[in-house]
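This report concerns only the one structure given below.
Model, not experiment: these values are computed from the prediction. Sequence lines set the chain letters: A, B, ... in the order given, protein chains first and strands last, and positions in each chain run from 1.
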Amino acid sequence: MSGPAKARPATQPVAITANDLADGRVVWLAADGGWTRNLAAARIFAPEEAAHALAQGQAAERARRVVGAYAVEVELLAGVPRPLRFRERLRATGPSVDAIPRPALPIAV
Amino acid sequence: MDQHAAIPPHARTYRYDAVDRDFLAARIAEFRDQVQRRLAGELTEDEFKPLRLMNGLYLQLHAYMLRVAIPYGVLDSRQLRQLAFIARRFDRGFGHFTTRQNIQFNWTKLEDAPDMLAALAEVDMHAIQTSGNCIRNVTTDEFAGAAADELVDPRVYAEILRQWSTLHPEFSYLPRKFKIAITGAPHDRVAAKVHDIGVIAKRNAEGAIGFEVWVGGGLGRTPVVGTLIHDFVPEAELLAYLEAVLRVYNVLGQRDNIYKARIKILVRDLGDEFRDLVEAEFAAMPRGRYRLDPEVVQAIAAHFAPPAFATLVDDPPALRRARAEDRRFAAWCATSTHPHRTPGYASVVISLKPIGGIPGDASAEQMEAVADLADRFSFGEIRVSHVQNLVLPHVRQEDLPALHAALDAHGLATPNVGLVTDIIACPGMDYCALATARSIPVAQRISERFADLDRQLDIGTLHVNISGCINACGHHHVGHIGLLGVDKRGEEVYQITLGGSATNDAAIGELIGPAFSYDAVVDAVETLVRTYVAHRTQGELFKDTYRRIGPAPFKEALYAPA
Ligand code: SF4
């Protein structure tokens with residue numbers, strides 16, 4: 001089973017993620033303490049700050065603004081965070097498939 | 001029972017009475033209050049989660065998801081139009097039909113959920129028992145009430161089971177979720193043998209109706225074909241017998257280990273003793289109380305009375321001409337129609353698998369189009385199949401050319417039903433919070449690879465099923481070719497199983513070897529199909545070729561160094 005990254009001490013920088021309570025959308029803890037839908041605007045914490053960072057996310061959970069906060073390990077590519085796990089990359093970008101089904105292609109007969 | 005003047009008399013769904021409606025209204029009001037309290041911060045997620053799940057509301061990767069029950073996959077046109085309305089008003093204009101014959105809305109907002117439920121209730125629909133450790137939506141044959149080979153109409157028994165199981169106090173907290181499938185035809189089109197209980201109708205030597213009862217089948221982490229525990233339960237005893245099964249499970253099922261809590265584990269561990277326990281329970285029950293009174297069966301059957309079929313002949317000249325003139329139409333007739341019991345009629349499968357599309361997805365416009373076509377051509381009736389297609393059950397054969405043209409205009413006439421591109425795929429990691437890999441784009445790429453219709457027709461019937469995790473919602477174990485996406489060090493890889501079957505010769509596919517990467521998996525499927533084509537005998541299905549020649553040629557083709 002996949003799901004959020006297992007709770008083990010982070011060895012890489014982390015971002016804190018959750019789902020927005022009202023619409024369920026993926027959000028990231030931002031530098032100003034608010035939540036953003038844009039991973040690029042997320043605050044990135046050093047590995048040793050991860051526990052403290054997660055506590056912030058969990059406080060927001062208790063304040064009923066988000067659901068299911070957890071830490072996501074990221075790498076920084078030219079300063080832009082990219083989650084290490086595929087699942088979190090997909091959460092950050094949204095579904096990889098067109099929301100709109102393509103019309104049927106003409107089929108050769 | 002009121003007459004529900006608003007519902008066209010031709011629409012053969014079970015019609016709610018005032019008690020049902022009042023119950024739903026009260027339930028929605030209660031949930032509306034719970035949602036408000038959650039949004040206002042009065043309820044924690046731990047407190048709220050069980051409440052939302054009881055109302056079919058999940059939190060997935062990118063949003064909340066509402067799962068709506070479509071009892072035994074039967075819809076009328078009014079209901080489908082309402083689903084289209086919900087898709088457009090509250091979602092992104094789509095719905096996703098599932099292998100449980102339900103529909104899911106992937107972009108639900110919490111605050112909208114009560115309004116969505118209210119909109120559903122307007123057409124006698126709800127999202128109750130689509131989650132939790134209860135008896136889930138009873139699934140049945142998409143050709144119910146129409147199929148030429150049908151002995152009894154399974155909707156009648158599915159509805160009886162629905163009424164029996166809905167909010168049944170004894171069965172609201174089972175050890176685990178519980179899925180029942182029932183077919184009224186000897187040809188199993190419901191995957192009966194891989195359900196917790198599978199019920200297959202039959203007649204005995206005296207012509208009486210009864211049911212085979214299969215127990216303990218299932219997919220998921222421990223895939224297993226069910227065990228036949230009774231080969232003829234008389235119609236009147238069906239409820240008593242199923243209740244006996246549920247009681248034994250409810251008492252003995254392992255509640256302390258989620259991986260061992262399904263009935264299949266109990267059946268496996270107890271062996272013949274399980275049957276003995278059920279028989280003992282059955283013998284001790286006050287059977288009179290459970291006896292299915294023929295009048296009750298009749299009353300429910302009246303809801304599903306056949307529409308007013310005209311007197312027609314099979315294969316009318318106009319149809320023959322149209323087939324001769326239009327090869328694509330002929331291919332569609334060959335793949336997408338199913339024999340009807342009434343001369344001059346056919347059941348039509350509407351493929352929700354356009355080449356490169358998302359299996360099971362329909363746009364609001366497509367749903368409305370299908371609803372209109374159901375009114376025009378099929379007495380307002382629509383079915384959802386467990387392979388994620390829609391069905392118009394009662395279409396005049398002479399209307400097939402007009403129906404085909406109308407479907408084609410909405411991208412709904414892909415002539416691939418039962419072929420390699422008619423892929424079952426669960427939402428996978430694009431939507432599902434439990435997923436370990438994506439399913440949808442793999443299905444899309446396979447579909448594009450095999451887009452050529454001539455090639456598909458040459459390959460013939462071939463079931464490719466894809467799941468995004470071990471929970472197996474995409475029924476990968478019973479695909480002729482099954483793909484299971486798993487997480488390998490944070491990246492997606494796909495295990496392949498071969499030789500599965502979901503029908504009368506049900507079998508769990510066998511793992512062929514090491515998994516393939518996301519990039520390589522489509523080529524692997526291509527290799528498997530080529531190997532099959534090279535080895536098959538005339539008319540032999542993939543699974544049968546596999547059973548005959550075994551895994552070695554497939555393994556060699558997949559893994560031998562180039
Ligand atoms: S099989 Fe897994 S990934 Fe697919 S829908 Fe079911 S739980 Fe989700």
Side-chain angles (χ1 to χ4, degrees), chain A residues 1-6 8 11-12 17-28 37-39 57-70 72-75 82-109, chain B residues 38-45 59-65 92-94 106-111 327-328 331 351-352 354-358 361-363 366 408 411-416 429-431 433-438 440-441 444 448 451-454 456 469-471 487 490-492:
Chain A
M1 199 80 47
S2 187
K6 311 260 172 343
R8 57 171 173 78
T11 56
Q12 302 291 322
T17 188
N19 289 81
D20 184 87
L21 170 63
D23 63 13
R25 301 297 296 279
V26 174
V27 288
W28 305 88
R37 293 208 172 150
N38 181 4
L39 173 58
Q58 286 166 341
E61 226 177 305
R62 282 191 295 278
R64 320 280 197 259
R65 292 163 58 197
V66 298
V67 184
Y70 61 95
V72 170
E73 287 187 314
V74 298
E75 58 185 340
R82 177 181 186 267
L84 296 185
R85 294 178 74 220
F86 180 77
R87 178 184 198 269
E88 300 308 332
R89 295 204 287 277
L90 205 55
R91 283 182 76 254
T93 55
S96 68
V97 293
D98 297 342
I100 298 175
R102 298 168 215 188
L105 296 180
I107 296 177
V109 178
Chain B
R38 174 70 178 125
L39 287 167
E42 293 165 23
L43 291 176
T44 65
E45 181 62 9
L59 180 56
Q60 294 288 30
L61 272 193
H62 310 287
Y64 293 94
M65 176 273 279
R92 293 186 173 177
F94 297 91
N106 284 326
W107 297 98
T108 300
K109 293 189 176 118
L110 181 54
E111 64 185 5
R327 225 178 131 219
R328 190 156 181 267
S351 170
L352 295 182
I355 298 301
I358 297 177
D361 266 24
S363 68
Q366 288 177 322
D408 208 15
L412 291 167
T414 312
N416 63 347
M429 200 183 269
D430 283 296
Y431 292 100
L434 300 174
T436 41
R438 288 173 293 170
I440 295 169
Q444 290 176 311
E448 282 162 359
D452 182 82
L453 182 61
D454 282 336
Q456 287 192 64
C469 82
I470 193 68
N471 289 331
D487 176 322
E491 300 296 332
E492 307 164 291

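- Here the closest non-hydrogen pair linking B:His62 and A:Gly94 is CE1-CA, 3.5 Å.
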Going through the distances and angles, do B:Gln444 and A:Val97 end up as a side-chain contact (heavy atoms from CB on, under 4.5 Å)?
CA-CA 9 Å; B:Gln444 290 176 311; A:Val97 293; 3.3 Å; yes
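- For B:Leu59, the part lying near chain A is the side chain, with the backbone staying farther off; criterion is any non-hydrogen pair under 4.5 Å.
- Contact detail for A:Ser96 and B:Arg438: the closest heavy-atom pair is OG-NH1, 3.0 Å.
- At a threshold of 4.5 Å between non-hydrogen side-chain atoms, the residues A:Phe86 and B:Thr436 do not count as touching.
- For the set B:Glu492, B:Glu45, B:Gln60, the count of heavy-atom pairs under 4.5 angstrom toward chain A peaks at B:Glu492.
- Legend: residues meeting side-chain contact (heavy atoms from CB on, under 4.5 Å) with A:Arg82, ordered by chain and number and at least two apart, are A:Glu75, A:Leu77, A:Arg89.
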Donor-acceptor list for residues 18-26 of chain A side chains, cut-off 3.5 Å, not counting sequence neighbours:
residue	atom	partner	partner atom	Å
A:Asn19	ND2	A:Gly24	O	2.6
A:Asn19	ND2	B:Leu61	O	3.1
A:Asp20	OD2	A:Ala22	N	2.9
A:Asp20	OD2	A:Asp23	N	3.1
A:Asp23	OD1	A:Arg25	N	3.0
A:Asp23	OD1	A:Arg37	NH2	3.4
A:Asp23	OD2	A:Arg37	NH2	2.3

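- Between chain A and the residues B:Thr44, B:Asp430, B:Asn416, B:Leu110, the largest count of heavy-atom pairs under 4.5 Å involves B:Asp430.
- In terms of non-hydrogen atom pairs under 4.5 Å with chain A, the most contact-rich of B:Asp408, B:Leu43, B:Thr108 is B:Leu43.
- To the nearest 0.5 Å, atom CE of residue B:Met429 and atom CZ of residue A:Arg91 are 11.0 Å apart.
- In this structure, the portion of B:Glu111 lying under 4.5 Å from any heavy atom of chain A is its backbone and not its side chain.
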